[in-house]
Amino acid sequence: MTQLGEILKAAREEQGLTLEQVEEDIHIRRHLLTALEANDLKSFASPVITRGLIRNYAKYLNLDPIAALTLFDGNGIIPVKGQRLTPNGIEFMNLSMAPRPFISWDFVISMILFLLVIGGFGYVTYTTVIQPSLTPTPTKTPNPGGLGDDAALLLPTVTPLPTNTPTPLPPTDTPTPIVYGGVTVELQLRQSSWVQILVDDVKTFEGILQPGESKNWTGQRRVAIRAGNAGGVDVIVNGTDRGVMGAEGQVVDQIWEKVDDPSVLTPQPGQTTESSTADNPSLTETPALATTEGEAPLPIESAPGETPQP
């Protein structure tokens, strides 16, 4: 990246734009814009964030974002509508976070199966343990007319002492390796941030998390996140650290969704242009962290005190 910063700065100055005006229009902090124009890559948390900022800044200045990204790392591929496939089969994309009103049939079926198992266990326990212990033992009684010459001698019935049946000890729990059946997202806070979480399209958390806090949520299909201060939130998905969500003070939406067949979304070799990404919307590239011009914002609640990206 030997010329990209100079190209961005020259394009901004030719259009008579100040860094303050650019910051207000595209919601990228001024010190980050200055670092891009100065080719200072140490100011950014990861290359993924850097690529998103370069793409937004280049589009705002009416420059070719593919050419700008190629100058940055030689890879001009841009994902389609923010779609991405990670190596462990998780599809990352921006979706609406509005909860759906219908009932989760997976939960209903799981509860029915659970009740059937409990009922079957109770029936077996009653028929094999409880019912036999309640059945009385028949005993012989002497003839009321007394013993005759030919009568047999009746001995008193001896009631056997109850025997204690040893209760089997419960099986000892042995640690098992973690197997992720869905999507588990953990948030680790570097700075305080307002956070909203939807698990399988149902809002499960909304509030302010403080630095040092760590919380996690697990969904069968997807986990959606909105952070009011993306620069203070680290994301870990199914045990893999995905890094910071975005820039400091930036409002960012992310959704992590389970893919049943990751091979369908694997990018084909040789697809390096925007036309090829249109045919394959699952290229392994993180979307821009700030909403770009022309893209509609997500229809979800805004963070307190924060203005969602246009």
Side-chain angles (χ1 to χ4, degrees), residues 1-82 84 92 94 188-193 211 227-235 241-254 272-274 277 283-295 297 303 305-310:
M1 181 177 174
T2 58
Q3 301 178 357
L4 177 58
E6 291 80 356
I7 292 174
L8 295 174
K9 183 177 181 180
R12 175 179 60 80
E13 292 177 348
E14 287 178 2
Q15 300 177 37
L17 300 171
T18 64
L19 290 175
E20 291 80 4
Q21 184 176 354
V22 175
E23 178 183 16
E24 183 178 355
D25 290 342
I26 61 177
H27 303 284
I28 298 178
R29 294 296 179 89
R30 183 171 47 186
H31 72 276
L32 297 177
L33 297 173
T34 302
L36 285 177
E37 292 184 353
N39 297 323
D40 182 13
L41 304 182
K42 296 181 180 179
S43 301
F44 304 99
S46 69
V48 173
I49 296 176
T50 308
R51 287 178 60 86
L53 295 177
I54 290 173
R55 179 192 178 192
N56 286 351
Y57 197 10
K59 291 183 67 176
Y60 174 77
L61 296 174
N62 296 321
L63 299 176
D64 184 0
I66 294 181
L69 291 174
T70 302
L71 285 176
F72 168 58
D73 58 4
N75 183 9
I77 297 176
I78 297 178
V80 178
K81 293 296 183 182
R84 175 192 180 196
F92 168 69
N94 292 325
Q188 295 182 352
L189 275 294
R190 299 183 178 184
Q191 304 172 7
S192 62
S193 175
N229 179 18
V233 182
D234 283 328
V235 180
D241 190 352
R242 295 300 173 188
V244 68
M245 287 185 66
E248 181 180 350
Q250 188 180 25
V251 179
V252 171
D253 303 314
Q254 289 186 359
T272 58
T273 64
E274 281 193 282
T277 57
L283 294 174
T284 57
E285 183 60 51
T286 301
L289 296 177
T291 305
T292 58
E293 184 176 357
E295 294 180 356
E306 296 285 347
T307 302
Q309 303 174 30

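Counting from 1, the numbers follow the sequence of the chain as shown.
- Closest approach of Gly5 to Asn39, counting heavy atoms only: N-OD1, 2.9 Å.
- Evaluation of the side-chain hydrogen bond (donor to acceptor under 3.5 Å, both in side chains) rule for Glu248 yields no partner, not counting sequence neighbours.
- Between Val252 and Ala230, the closest heavy-atom pair is CG2-CB, 3.4 Å.
- To the nearest 0.5 angstrom, Leu36 atom CG is 7.5 Å from Tyr57 atom OH.
- Here the closest non-hydrogen pair linking Val233 and Ala227 is CG2-CB, 4.1 Å.
- We find the CD-CG distance between Gln250 and Leu53 to be 7.0 Å, quoted to the nearest 0.5 Å.
- Among residues two or more places apart in sequence or in another chain, the side-chain contact (heavy atoms from CB on, under 4.5 Å) test is passed with Asp234 by Gln188, Arg190, Val244.
- Scanning for salt bridge (charged side-chain N to carboxylate O under 4.0 Å, His left out) contacts around Arg29 gives an empty result, with sequence neighbours left out.
- With sequence neighbours excluded, the residues that form a salt bridge (charged side-chain N to carboxylate O under 4.0 Å, His left out) with Glu20 are Arg30.
- Scanning both residues, Leu4 and Ala68, for their nearest heavy atoms gives CD2-O, 3.7 Å.
- How far CD of Glu6 is from CG of Leu71: 10.5 Å, rounded to the nearest 0.5 Å.
- Test Leu32, Ile7, Leu19 against Glu37 for side chain to side chain contact (heavy atoms under 4.5 Å, CB included) and you get one pass: Leu19.
- A distance of 12.0 Å separates CG in Leu63 from CD1 in Ile54, rounded to the nearest 0.5 Å.
- Of all the heavy atoms in Gln191 and Asn229, the pair that sits closest is OE1-ND2, 3.0 Å.
- Looking at residues two or more places apart in sequence or on another chain, you find a side-chain contact (heavy atoms from CB on, under 4.5 Å) between Leu17 and Arg12, Gln15, Gln21, Val22, Tyr60, Leu61.
- Scanning all heavy atoms of the two residues, the minimum distance from Asp241 to Val235 falls at OD1-O, 3.3 Å.
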